[in-house]
**Student:** 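My questions will all concern the structure given below.
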Amino acid sequence: MTVSYADAVTEITTQLGTALTAGLPIWGTILGVVIGIGFFKMLVRSH
């Protein structure tokens, strides 16, 4: 039995690309909310 590592790497790269493409907007939204809340708290404390 022969194992083709090139095919495995190609498949994993494709899967990771798909996962990143789907996940980046979600993580960007979460990060934006967290930063926004922190900024808002900072503004409230300063006044």
**Student:** List the residues meeting side chain to side chain contact (heavy atoms under 4.5 Å, CB included) with Tyr5, not counting sequence neighbours, and say none if there are none.
**Tutor:** Val3
**Student:** Could you go through residues 14-26 and list every donor-acceptor pair under 3.5 Å that involves a side-chain atom there, pairing it with any protein atom two or more places apart or in another chain?
**Tutor:**
residue, atom, partner, partner atom, Å
Thr14, OG1, Thr10, O, 2.8
Gln15, NE2, Glu11, OE2, 3.0
Thr18, OG1, Thr14, O, 3.0
Thr21, OG1, Gly17, O, 2.7

**Student:** Running the 4.5 Å side-chain criterion over Ile, Leu, Val, Met, Phe, Trp and Tyr, what cluster does Val33 land in, apart from itself?
**Tutor:** Ile37
